[in-house]
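When a ligand or atom number is given, it counts from 1 through the structure's own listing order.
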Amino acid sequence: MSNKLIELKNLTKNFDDQQVLRGINLDIHENEFLTLLGPSGCGKTTTLRIIAGFEEPSGGEVLFNGIEISKLPPYKREINTVFQKYALFPHLNVMDNIGFGLNLKKVDKSVIEQKVKRMLKMVGLEGFEKRDVTLLSGGQQQRVAIARALVNEPKVLLLDEPLGALDAKIRKQMQIELKKIQREVGITFIYVTHDQEEALSMSDTVVVMNNGEIQQIGSPTDIYNEPENRFVAGFIGESNIIEGTMIKDFLVEFDGFRFECVDKGFEDNEAIEVVLRPEDLDIVEPDQAKIRGTVRNITFKGVHYEILIETELRTYMVHTTDYAAVGREVGLKFGPEDIHVMCRMGGY
Ligand SMILES: Nc1ncnc2c1ncn2[C@@H]1O[C@H](COP(=O)(O)OP(=O)(O)OP(=O)(O)O)[C@@H](O)[C@H]1O
Ligand SMILES: [Mg+2]
């Protein structure tokens with residue numbers, strides 16, 4: 001990966017007597033699309049506001065290119081922010097909204113015009129210079145807000161749930177656009193969302209947070225396929241999470257059976273948890289599998305069926321394109337690579 005641009009070192013933040021960040025350690029690189037993902041109140045916005053300079057940390061450091069900046073005011077940082085509520089100036093047209101900062105800096109009018117035009121092209125709003133911003137759609141207003149942030153040529157763009165106010169279809173379209181813009185401008189994007197699908201589809205790196213702490217840092221596929229604990233596994237998609245024992249490297253026991261797996265590095269006989277993704281499970285005849293049960297429910301989900309299979313010990317969820325009738329006795333088949341072993345954690 002390219003050079004480190006921002007380093008958060010043991011960052012903490014208290015509001016009154018409540019600790020909302022509990023020692024955040026994170027490296028953010030040049031050109032990286034990094035997403036902070038986590039449930040409401042976990043500290044995503046607070047982390048972003050500290051990086052932007054709107055908030056001072058209670059402890060720890062923020063380094064930018066190796067230099068401590070946590071006392072530096074926002075306008076002296078090479079960082080710009082796009083918020084969920086785009087806060088455009090309603091009395092200014094598109095051109096003047098985007099050129100606002102440059103105007104303040106007394107940049108030459110013709111230079112501003114040129115830069116604004118280039119930005120409008122990048123966000124797909126060519127020819128919109130003279131439009132009244134209050135008459136634009138939500139998606140178009142958000143594009144203007146992004147153009148306004150990018151025209152200052154920051155090294156880092158912070159985006160706090162920038163698509164939160166848009167409806168599902170435009171949101172999907174803007175996700176693709178944003179990713180494209182990030183590649184084109186080649187700067188670092190730090191993106192905040194509580195939508196796991198959005199995080200997985202856009203990011204180079206996903207940082208899963210809960211309760212002021214980082215739970216896991218990884219690529220979307222790492223986070224999805226190799227969740228490090230129950231919180232991450234549960235937050236990222238639906239899962240079957242089962243308590244078990246790691247007998248030894250490559251051999252795990254759960255639900256009374258031993259299975260070959262691809263995981264290693266745990267203690268022998270360590271208490272662990274296993275993740276089985278619903279889409280990794282196959283329904284077979286009972287005599288072809290160790291785990292057996294009865295189909296209790298089947299729901300058509302558009303592309304696949306969601307099938308609930310009740311065994312002696314639990315209910316498994318399966319996603320499959322094969323139909324299975326309620327009441328049928330079935331076996332549950334999966335391979336060594338479908339078993340993901342995680343450390344067991346207390347408190348959940
Ligand atoms: N200025 C403040 N004063 C007091 N408490 C605050 C302040 N800002 C945030 N908090 C608290 O800090 C915690 C983290 O808030 P934060 O806004 O960072 O969460 P978030 O992850 O962005 O959540 P959401 O997804 O709802 O936006 C919350 O419990 C919030 O109530
Ligand atoms: Mg927030």
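Lys155 and Glu30 are not joined by a salt bridge, as no carboxylate oxygen comes within less than 4.0 angstrom of a charged side-chain nitrogen. Using a cut-off of 4.0 Å between Lys/Arg side-chain N and Asp/Glu carboxylate O, Arg230 and Glu273 are scored as salt-bridged. Under 4.0 Å is where a charged nitrogen must lie from a carboxylate oxygen, and between Asp27 and Lys4 at least one such pair does. Under a 4.0 Å N-O distance rule, the pair Arg296/Glu310 qualifies as a salt bridge. Ion pair Asp287/Arg292 not flagged as a salt bridge, since none of the NZ, NE, NH1 or NH2 atoms sits closer than 4.0 Å to an Asp/Glu carboxylate oxygen. Using a 4.0 Å cut-off between charged nitrogen and carboxylate oxygen, Glu56 and Arg49 do not count as a salt-bridge pair.
Inclusion of Phe15 in the set of residues having an N or O under 3.5 Å from an N or O of ligand 1 is not warranted. Polar contact check, Asp16 against ligand 1: no nitrogen or oxygen pair lies under 3.5 Å apart. In terms of polar-atom proximity, Glu55 is not counted as a contact of ligand 1, lacking any N or O under 3.5 Å from an N or O of the ligand. Where the criterion is an N or O separation shorter than 3.5 Å, residue side chain and backbone included, Cys42 meets it with respect to ligand 1. Considering backbone and side-chain N/O atoms, Gly41 comes within less than 3.5 Å of an N/O atom of ligand 1.
Nearest protein neighbour of atom 27 (O) of ligand 1, counting heavy atoms only, is Thr45 OG1, 3.9 Å.
Within ligand 1, counting atoms from 1 as listed, the ones closer than 4.0 Å to a heavy atom of Thr46 are 14 (C), 15 (O), 16 (P), 18 (O).
Atom 16 (P) of ligand 1 is approached by the protein to below 4.0 angstrom, counting heavy atoms only.
Counting only non-hydrogen atoms, the option in Gln18, Lys13, Met209 that gets closest to atom 29 (O) of ligand 1 is Gln18.
Taking the ring axis of Tyr224 as reference, the NZ or CZ atom of Arg277 stays within 45° of it and closer than 6.0 Å to the ring centre.
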